[in-house]
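Before I ask anything, here is the structure I am working with.
Here the structure is a predicted model, which is why all the values come from computation and not from measurement. In what follows, every heavy atom counts, from backbone to side chain, and hydrogens, waters and symmetry copies are set aside.
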Number of protein chains: 2
Amino acid sequence: MAIRPAEQLIHKAAWLYYAHGLRQDQVASQLNISRASVAMYLRKARETGIVNISTSTQLFTDDVMARRLEDALKLDAVWIAPENGYNPDQSTDIAVLAASVFLELVKKGDRIGVAWGRTVYTIADIMSYADLQDVTVVQLCGNLGAPYSYRPDQCTMEIARRLNAKGLNFYAPLVLSTEELARALRAEPVIREQLAGISDCNLALFSVGTVDADSHVVKCGALNPDEMAALRGIGAAGVIAGQIIDARGEALDCSYNRRVISAELGSLRAIEKRLMVVQEDSKFEPLLAALAGGLCTHLVVGAHMAQRLLDHAGATPHKAS
Amino acid sequence: MAIRPAEQLIHKAAWLYYAHGLRQDQVASQLNISRASVAMYLRKARETGIVNISTSTQLFTDDVMARRLEDALKLDAVWIAPENGYNPDQSTDIAVLAASVFLELVKKGDRIGVAWGRTVYTIADIMSYADLQDVTVVQLCGNLGAPYSYRPDQCTMEIARRLNAKGLNFYAPLVLSTEELARALRAEPVIREQLAGISDCNLALFSVGTVDADSHVVKCGALNPDEMAALRGIGAAGVIAGQIIDARGEALDCSYNRRVISAELGSLRAIEKRLMVVQEDSKFEPLLAALAGGLCTHLVVGAHMAQRLLDHAGATPHKAS
DNA sequence: CATGGCTCTCGACAAAAGTCAAATTGGCAT
DNA sequence: ATGCCAATTTGACTTTTGTCGAGAGCCATG
């Protein structure tokens, strides 16, 4: 029989191997197939999320620094990826940690909002598979027409795929050419509904963007470097889900923001668990802005960034910048 | 240096291996230790629950029969361990499944009530380790003085150990010689408190016992065969946490029950998730009684028992026996 | 200060798991 | 019916992992 090896068979193999602790050859003989097939089924089982291998992220929160940051920033939980030696690629470390933390936060029946950017996409890319039920992943902001590598819909769909969840894409451009058009589009039932549904999420995953010429909103063509410089002139401090925020973490009053189709910051704040992940040290200022605006409740950063945040919080307690 | 390999080091090894997907020799060189040590650390990490390998129990609920049982018995969830061929030891199958289901039901911060008996102990014994936080495991009934193999306190402590949780034992005998003494003991603050705390649990794990000479309450010496026969004569149908229940699933009105120190059935019913596991086919009648009394919300049984339950439910819909 | 018990560590071997190309199978269109 | 295609299975090979006994460092004790 060369039919598709039923999910059933994969499951049985995984069950005997992982739950009963049999060896592959024992599983093979019980199932009357070759050991090589068993090995293949087991790989599939891991890739499908039928088996879940997760490592506790406990130690990263147990860190004294993490605790102090939680207090200083009034966050629900902070995870700090250690800098120490052995992996030169700090940002991968952070992403791996973030993926684990994310999976630990997700529960059955959740509705998850996902923003976009390199960080989010990296996380999606290394996240292990899981077999959650009744999970919906929704896109937090409009799409890019341009062929950019870390498109919002890609981030959403990839995460949905990994979780075995339903992905809900946003069928609207991220930024429009006129405010009128943006307003009109937001009033469209389909779009309005989707925007309204964002506050029903109970978990959000996002990063924060810089407001310089390297910013992903510039790279993807939503803004050109000059426009960005101008925005910086009037107080732009960071980018959240495609929107420009000021140092207080509020949406900047500017034409660009009015032309963007994205989750309102208020809707974001309505989400119970908001996991922010910051990989680059250069995102210090934007992160401060996001924190000031209470845009996240859970934070994953590297040790260096954590130290800077602590120093800053210590220097200016209870006050932004 | 031959100091105790810090939890830290085990965690790092586990992290690099499982989360980053490095090979053992790569982990070894990053950590500057031998590969053999890495292998050892990883085993410890698995045994400690720092890493969690779990297989989805999805398929066992997806079963059509499981669904029909859920409907017929009005249970929240039913898992059915397949009989089919390859493992002659059906009851081990059921216990392994039950352990997985149990671990899937436990959440951080839970308070778990645990009964006793061979089934519960078997589950505890094969359950994999986990690193839950703020979990408390409480004993649902009094203890046995006699050296019986599956003592209530053993069940409780073993499960607590596996979950890395706090175990709360019951420092009272299961059964006393006079009703007066039992009443007095129940009135003792320590005991009363513990009994009262049972309804605060949000998860319970128990099985049901038979009321014949093989019953564990007989084997452990709480009752002798003759007494048991007498109880059967006046309507005893099963044993729950050391108490005798009748066919309706209510506590039997008898001296024995009045001499027992155990969770009141009302307290049990107040627990949100009550996982009942039945291994032996001979426990059909006791199980019916427990079901009739609404004593469980989640059920793990073997395929044969499931079929009997379905037949029974089909034959006498909406009515007990 | 030497001794003994203890645990941790390492190297080498044995066992198990992963991988690949070739062979087989069933489905499907011709 | 026949031959092709895609998917699956397998056996043989390589790589990776588990395990064991020997050795080394630490601590407490005489």
Side-chain angles (χ1 to χ4, degrees), chain A residues 1-56 59 84-87 92 96 125-129 161-162 164, chain B residues 1-56 59 84-87 96 126-129 161-162 164:
Chain A
M1 39 185 137
I3 35 164
R4 189 167 174 286
E7 178 122 321
Q8 192 97 1
L9 198 51
I10 297 182
H11 199 286
K12 270 184 189 171
W15 188 249
L16 290 172
Y17 187 75
Y18 286 107
H20 283 260
L22 300 188
R23 281 187 327 236
Q24 290 191 356
D25 50 358
Q26 296 177 300
V27 175
S29 65
Q30 297 246 332
L31 263 47
N32 275 97
I33 51 179
S34 79
R35 202 189 51 73
S37 296
V38 173
M40 201 196 106
Y41 289 170
L42 292 180
R43 180 158 39 75
K44 273 194 182 164
R46 284 186 299 258
E47 283 171 0
T48 332
I50 288 178
V51 318
N52 241 322
I53 302 185
S54 64
T55 77
S56 156
L59 223 69
N84 319 317
Y86 43 78
N87 198 335
T92 299
V96 170
D125 202 43
I126 56 168
M127 180 156 56
S128 58
Y129 293 77
R161 193 172 72 82
R162 302 261 173 161
N164 216 334
Chain B
M1 45 189 133
I3 37 165
R4 185 165 184 288
E7 178 122 321
Q8 191 97 0
L9 199 50
I10 297 182
H11 199 287
K12 270 184 189 171
W15 188 251
L16 290 172
Y17 186 75
Y18 287 106
H20 283 260
L22 299 187
R23 283 189 326 245
Q24 291 191 355
D25 50 356
Q26 296 177 301
V27 175
S29 66
Q30 296 246 339
L31 262 46
N32 275 96
I33 50 178
S34 79
R35 202 190 51 71
S37 297
V38 173
M40 202 198 94
Y41 289 171
L42 292 180
R43 181 159 39 75
K44 273 194 181 165
R46 283 186 298 259
E47 283 171 359
T48 332
I50 288 179
V51 317
N52 244 330
I53 302 185
S54 63
T55 76
S56 157
L59 223 69
N84 320 313
Y86 43 79
N87 198 335
V96 170
I126 57 168
M127 181 155 54
S128 58
Y129 292 78
R161 194 172 72 82
R162 303 263 173 160
N164 215 335

- Assign A/Ile33 to base, sugar-phosphate, or nothing according to its heavy-atom contacts below 4.0 angstrom with the strands shown.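 Sugar-phosphate, no base atom in range.
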- Query: Does the B/Arg162 side chain pair with the main chain of B/Met127, one donor and one acceptor, at a distance under 3.5 Å?
  - Reply: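 Yes, the answer is positive, given that a donor and an acceptor are paired below the 3.5 Å cut-off.
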- Query: Between A/Leu22 (CG) and C/dA15 (C1'), how many Å, whole number?
  - Reply: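 Taking CG of A/Leu22 and C1' of C/dA15, I get 16 Å after rounding.
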- Item | Value in whole Å for how far the C1' atom of C/dA16 lies from CE of A/Met40 |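 After rounding, the gap between these two atoms is 19 Å.
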- Query: Between A/Arg23 and A/Ala39, which is nearer to the 5' end of DNA chain C once each is assigned its nearest nucleotide?
  - Reply: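 Whichever sits nearer the 5' end wins; that is A/Arg23.
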- Message: Does C/dA17 have its OP1 or OP2 closer than 4.0 Å to a side-chain nitrogen or oxygen of A/Tyr17?
- Response: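 So the side chain of A/Tyr17 is within the cut-off, an N or O lying under 4.0 Å from OP1 or OP2 of C/dA17.
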- Taking atom P of C/dA17 as reference, at what distance in whole Å does atom CZ of A/Arg46 sit?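 Going from CZ in A/Arg46 over to P in C/dA17 covers 10 Å.
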- Rounded to the nearest angstrom, tell me the gap between atom CG in B/Asp25 and atom C1' in D/dG18.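 From B/Asp25 CG to D/dG18 C1': 14 Å.
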- B/Arg46 and B/Tyr41 side chains, donor-acceptor separation under 3.5 Å: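 The criterion, which ignores hydrogens and geometry beyond distance, is not satisfied for B/Arg46 and B/Tyr41.
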- To the nearest Å, give me how far apart CZ (B/Arg35) and C1' (C/dG11) are.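 Distance, rounded to whole Å: 10 Å.
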- Would a distance-only check, ignoring hydrogens and angles, find a side-chain to backbone donor-acceptor pair under 3.5 Å from B/Ser37 to B/Ile33?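 Checked: no pair found.
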- Task: Could you check how far CG of B/Leu9 sits from P of C/dT9, rounded to whole Å?
- Result: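 Nearest whole value for this atom pair: 7 Å.
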- Query: Between atom CD in B/Gln24 and atom C1' in C/dG11, what is the gap in whole Å?
  - Reply: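 It works out to 15 Å between those atoms.
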- Minimum heavy-atom separation for B/Ala19 to A/Val96, with atom names?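 Scanning both residues, the minimum pair turns out to be CB-CG1, 3.6 Å.
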- Distance below 4.0 Å between B/Arg43 side-chain N/O and D/dT19 OP1 or OP2: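 Result: yes.
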- Task: Side-chain contact test, heavy atoms from C-beta onward, threshold under 4.5 Å: evaluate it for B/Ile53 versus A/Asn52 and give yes or no.
- Result: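 Side chain of B/Ile53 against side chain of A/Asn52, heavy atoms only: no contact under 4.5 Å found.
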- Query: B/Ala36 has a side chain; which of D/dT10, D/dT8, D/dT19 sits nearest to it?
  - Reply: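 The closest nucleotide is D/dT19.
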- Message: Is there a side-chain contact between A/Ser37 and the phosphate of D/dT10, meaning an N or O under 4.0 Å from OP1 or OP2?
- Response: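 Yes, such a contact exists.
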- Separation of B/Leu16 atom CG from D/dT17 atom P, in whole Å?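 Interatomic distance, CG of B/Leu16 to P of D/dT17: 13 Å.
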- Verify the contact: side-chain N or O of B/Gln26 to OP1 or OP2 of D/dT16, cut-off strictly under 4.0 Å; return yes or no.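 It does not, given that no N or O in the side chain of B/Gln26 lies less than 4.0 Å from OP1 or OP2 of D/dT16.
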- Message: Taking 4.0 Å as the cut-off, does a side-chain nitrogen or oxygen of B/Tyr41 come that near to OP1 or OP2 on C/dC8?
- Response: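 It does not, given that no N or O in the side chain of B/Tyr41 lies less than 4.0 Å from OP1 or OP2 of C/dC8.
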